[in-house]
Amino acid sequence: MAYYYSEPSHTFSEYLLIPGYTSEECIPANVSLRTPLVKYRKGVEEPAISLNIPLTSAVMQSVSNDTLAIALAKEGGISFIFGSQSIESQAAMVAKVKGYKAGFVVSASNLTPEHTLADVLALKEKNGFSTVAITDDGTATGKLLGIVTSRDYRVSRMDGSEKVASFMTPRERLVTAPADTTLKEANDIIWEHKLNSLPVVDANDHLMYFVFRKDYASHKAHPLELLDNEKRYLVGAGINTRDYAQRVPALLEAGADCLVIDSSEGFTCWQEKTIRWIRENYGDSVKVGAGNVVDRDGFRFLAEAGADFVKIGIGGGSICITRETKGIGRGQATAVIEVAAARDEYFKETGIYVPICSDGGIVHDYHMTLALAMGADFMMLGRYFARFDESPTPKVMVNGAYMKEYWGEGSNRARNWQRYDLGGNAKLTFEEGVDSYVTYAGPLHDNVESSLYKVKSTMCNVGVTNIPDLQKNAKITLVSATSIVEGGAHDVTLRSTSSVK
């Protein structure tokens, strides 16, 4: 007969943390949220990739594009660029993130002196950059002839047909640096000459890179930004179990730091085959997460298959209707608790620590702290990030309030059938996600800062200043339905809606 679990599965809202002793050292400023992203031999080596904050953005069309990936990397997390698009467009998004901040940046906007002001404005609209390199052949590595910035023209007083040659800052008036210039030397030159950008040229005066003043300022404003060894932002990308042989090489060529198999259910032979193909072709150099699972068996399967991290969660996302349509899934808190135990068991047996990611079910900020306390190393969030300026969807007015569009990968709008692939015909036969709106919340930086301050504050109440100690020392209690009601404002008449959330 079927196996029946003795206890019902629970969500995060059914639990509370019990306070612990708070010492003088337990203040938010002393809390570290650094956490491993990929597997490693704990106690022997450091992870190949760690996050400075335990947040990743979901592999979704309405969430993770290059703009949000840059914004999240500035805060210390990582985005996984959505894979339900062409290989070329996904790789281009990855490349854009990797090229956004490298200290030395290959020029993305280039024209010749024969181009016009209209061409400059079109390029600025397309790429979002005001600095345009003017080279002899209009490429990023051509002979440098000048630069155009927004200070070189006034749209209201100039004709769009005016040639670039007539208003660019010519080469003889530019301050440049030779090819062997270090980043520190380049920044010193920028400050000495009060420049916004510094072209780096080779011995033949061909453009190699730009170094931008704003990148230095950005680093100072974002001390937790997540950078690789070349000081470029880290970025991930989603893959599927169908076209991985073509998609993976393209994403790696574009610079992807980590991949994840995007699927609603990961306990499958297809994920095993995908991981095996990556290991056979790239060994352990390519980092790839897998999922999603909700129990010990699912975790063990993916860990033994070679996954670098494992995602937890089926049906808990705000736009997911998998449980409604298929009757499959598990309460997110219960799933995290069991998989965390399996992760620790696997570590004791093998010496390999495989990080786990709680994907879905985060409704309130305190759910983040609970997920971490229950054993998650980091979280993947969709609805949370979809609300911000940097997400790819438009801001619209709905019933007098600003909203952002948000749809699931299993919705008819996304039609991401690969995510729900069970072999057979390549089509979406029924929906497992909805098309919706979420309340607009403003810039990512402000919201992430506020959410994580709550997490840090709660950790101090528990008496810990890092995630491993939280997982080891937290005391968690299951609460009754009546206790949940008691936890909010009750038996009063509110005067107004508070601006503090």
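In this structure, T393 contributes its side chain and K404 its backbone to no donor-acceptor pair below 3.5 Å. Counting only distance, with no hydrogens or angles, the side chain of R383 and the backbone of V363 share a donor-acceptor pair below 3.5 Å. Although no hydrogens or angles enter the test, the distance criterion places no donor-acceptor pair under 3.5 Å between the side chain of S450 and the main chain of N447. Listed for the Q90 side chain is no donor-acceptor partner under 3.5 Å among the backbone atoms of I87. Looking at T131, its side chain never comes within 3.5 Å of a backbone N or O of T149 through a donor-acceptor pair. In this structure a side-chain-to-backbone donor-acceptor pair under 3.5 Å is missing from R232 to G99. A distance-only check finds no donor-acceptor pair linking the side chain of S358 to the backbone of A376 [under 3.5 Å]. With hydrogens and angles disregarded, no donor-acceptor distance shorter than 3.5 Å links the side chain of S89 to the backbone of Q85. Looking only at distances, a side-chain donor or acceptor of N110 sits under 3.5 Å from a matching main-chain atom of S107. Side chain of E75 to main chain of L444: no donor-acceptor pair is present (N/O by atom type, distance under 3.5 Å, no hydrogens or angles).
Aromatic ring pairs are classed by plane angle as parallel below 30°, tilted from 30° to 60° and perpendicular above 60°; the pair Y366 and H364 is parallel. Aromatic ring orientation, Y15 versus H10: perpendicular (interplanar angle above 60°, classes split at 30° and 60°). The aromatic rings of F309 and F80 are tilted relative to each other, their planes meeting at an angle between 30° and 60°.
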Taking it one step at a time, do Y153 and L121 satisfy side chain to side chain contact (heavy atoms under 4.5 Å, CB included)?
-> CA-CA 10 Å; Y153 57 84; L121 297 177; 3.8 Å; yes
Stepwise salt bridge (charged side-chain N to carboxylate O under 4.0 Å, His left out) test for D188 and K184 | CA-CA 6 Å; D188 288 343; K184 182 182 184 305; 3.2 Å; yes
Can you list the steps and then say if K98 with D228 is a salt bridge (charged side-chain N to carboxylate O under 4.0 Å, His left out)?
-> CA-CA 9 Å; K98 297 305 293 184; D228 64 17; 2.9 Å; yes
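Remark: K194 pairs with no residue by the salt bridge (Lys or Arg N to Asp or Glu O under 4.0 Å) rule, at least two apart or across chains. For E45, the side-chain contact (heavy atoms from CB on, under 4.5 Å) criterion is met by Y40, R41, not counting sequence neighbours.
There is a side-chain donor-acceptor pair under 3.5 Å between S57 and S79. Defined by atom type and a distance below 3.5 Å, a donor-acceptor pair is missing between the side-chain atoms of T439 and Y402. Side-chain polar atoms of R343 and Y353 form a donor-acceptor pair below 3.5 angstrom. Using a 3.5 Å distance cut-off with no hydrogens or angles, the side chains of S62 and E405 do not pair a donor with an acceptor. T169 and D152 are linked by a side-chain donor-acceptor pair at a separation below 3.5 angstrom, with hydrogens and angles left out of the test.
With contacts defined as side-chain heavy-atom distances shorter than 4.5 Å, the pair I467/D377 does not qualify. In this structure the side chain of T35 never reaches within 4.5 angstrom of the side chain of L37, judged on heavy atoms. Between P392 and Q61 the shortest side-chain heavy-atom distance does not fall below 4.5 Å.
For the pair K42 and F347, the cation-pi test (distance below 6.0 Å, angle within 45°) is passed. Both cation-pi conditions hold for K214 and Y100: the charged atom is under 6.0 angstrom from the six-membered ring centre and inside a 45 degree cone around its axis. At least one test fails for K456 against the ring of Y453: distance under 6.0 Å to the centre or angle within 45° of the axis. A cation-pi arrangement, defined by a distance under 6.0 Å to the six-membered ring centre and an angle within 45 degrees of its axis, is absent between R279 and Y282.
Atoms CG and CG, from L198 and N187 in turn, are 9.0 Å apart once rounded to the nearest 0.5 Å. In this structure, I239 CD1 and Y244 OH are separated by 9.5 Å, a value rounded to the nearest 0.5 Å.
Electrostatic pairing of K395 and D389 does not count as a salt bridge here, judged by no charged N lying under 4.0 Å from a carboxylate O. For E338 and R330, the salt-bridge test passes: some basic side-chain N is under 4.0 Å from an acidic carboxylate O. Using a 4.0 Å cut-off between a side-chain N of Lys or Arg and a carboxylate O of Asp or Glu, R171 and D205 qualify as a salt bridge.
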